[in-house]
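Here's the structure we're looking at; comments come further down.
All residue numbers in this chain count up from 1 along the given sequence.
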Amino acid sequence: MWLAQLSENRGYGQLKKRGATAEQITDSVDREAQAIRSAQRLVPEARRNAVAQTLDAAVERLRSFGDSQQSRLAPAGTPALKENPEAARIIVRRKRFGTLPLDDLSQDRWEGYPSGAWAAIPTIALYWCDGKRNLAEVIRLTQLELGPSDFDFVGYFRFLQRHGYVEFG
């Protein structure tokens with residue numbers, strides 16, 4: 001069960017590293033619990049029930065640690081991530097797989113936006129665009145992963161739409 005222990009230890013590290021807001025802690029706990037439970041698929045079917053109990057215990061320890069991290073933040077009254085009503089009306093459909101390096105545009109046509117090949121925010125945001133989530137949810141998930149930012153998501157995705165990289169639904 002070294003894999004489950006490795007996943008659990010990674011989870012603690014993620015919670016310590018990313019625990020800026022209560023929402024980020026909840027998101028981290030959920031992701032790391034999935035990682036811990038994913039070890040079960042590597043176990044022969046005859047042993048899965050026994051292993052499931054061990055994994056459930058690891059997830060419970062991680063959730064307990066997440067709760068303690070959240071209670072540590074509670075007195076500070078950490079703000080929630082900002083909502084964007086315009087973004088809630090936009091569903092982004094990607095027209096390409098992978099990152100968008102903007103290589104087919106000269107840099108003077110980038111309108112000040114970064115290349116999706118090396119900038120973390122647009123790269124992560126693009127991966128959350130599945131044609132079903134609205135842009136507000138993409139922004140929320142990106143900020144849970146990377147932390148709050150003042151990046152102009154709506155402007156960036158409108159820029160991508162104008163140049164044919166994405167379409168709106």
Exercise: identify the closest heavy-atom pair between Val29 and Gly66 = CG2-CA, 3.9 Å
query = Does Trp110 use its side chain to pair, donor to acceptor, with the backbone of Leu105 at less than 3.5 Å?
reply = yes
request  = Flag this pair as yes if the NZ/CZ of Arg94 is under 6.0 angstrom from the six-membered ring centre of Tyr127 and inside a 45 degree cone about the axis; otherwise no.
outcome  = yes
query = Got a second to check how far Phe65's CZ is from Ser28's OG, nearest 0.5 Å?
reply = 11.0 Å
request  = Any chance you could measure Ile36, atom CD1, to Arg63, atom CZ, to the nearest 0.5 Å?
outcome  = 9.0 Å
message = Is a donor from one side chain sitting under 3.5 angstrom from an acceptor on the other, for Trp128 and Glu137?
response = no
key: Side-chain (Thr99) to main-chain (Pro101) donor-acceptor, under 3.5 angstrom   = no
key: Test: Asp56 and Arg37 ion pair at under 4.0 Å   = yes
request  = For the residue pair Ile90 and Val138, establish whether any side-chain heavy-atom pair is separated by less than 4.5 Å.
outcome  = no
request  = Could you check Asp27 against Gln143 for side-chain contact (heavy atoms from CB on, under 4.5 Å), going step by step and ending with a plain yes or no?
outcome  = CA-CA 11 Å; Asp27 182 63; Gln143 290 184 340; over 6 Å; no
query = Does the side chain of Leu135 reach to within under 4.5 Å of the side chain of Phe157, using non-hydrogen atoms?
reply = yes
remark   = Smallest heavy-atom separation, Leu62 atom then Ala33 atom, equals CD2-N, 4.0 Å
request  = List the atom of His163, the atom of Arg109, and the distance in Å for their closest heavy-atom pair.
outcome  = CE1-NH2, 3.6 Å
request  = Indicate yes or no for a side-chain donor-acceptor contact from Thr123 to the backbone of Ala119 under 3.5 Å, with no hydrogens or angles considered.
outcome  = yes
note = Shortest non-hydrogen pair, Pro114 vs Pro122, comes out as CG-CG, 3.8 Å
key: Passing candidate, side-chain contact (heavy atoms from CB on, under 4.5 Å) with Val166, options Arg96, Gln161, Arg93   = Gln161
inquiry  = Using a strict threshold of under 4.0 Å (side-chain N to carboxylate O), is an ion pair present between Arg158 and Glu86?
reply    = yes
Between CG on residue Leu100 and OG on residue Ser115, distance to nearest 0.5 Å = 8.5 Å
note = Closest non-hydrogen atoms of Asn134 and Ala88, given as atom of the first, atom of the second and distance, are ND2-O, 3.3 Å
query = Does some side-chain heavy atom of Ile124 sit less than 4.5 Å from a side-chain heavy atom of Leu146?
reply = yes
query = Closest heavy-atom contact between Ser38 and Ala35?
reply = OG-O, 2.6 Å
ask   = Can Thr142 and Phe153 be said to form a side-chain contact (heavy atoms from CB on, under 4.5 Å), step by step?
value = CA-CA 10 Å; Thr142 302; Phe153 287 90; 4.1 Å; yes
Pairwise side-chain contact, Asp152 with Tyr113, heavy-atom cut-off 4.5 Å (strictly under) = yes
query = Is there side-chain contact between Phe168 and Ile91, with at least one heavy-atom pair below 4.5 Å?
reply = no
request  = With side-chain contact (heavy atoms from CB on, under 4.5 Å) as the test, would you mind laying out the steps for Tyr156 and Leu126 before giving the verdict?
outcome  = CA-CA 11 Å; Tyr156 176 72; Leu126 279 163; 4.1 Å; yes
Note, Asn49 side chain near Val51 side chain (heavy atom, < 4.5 Å) = no
ask   = Quick check: are there more than 12 heavy atoms from other residues, nucleotides or ligands sitting under 6.0 Å from CG of Asp104?
value = yes
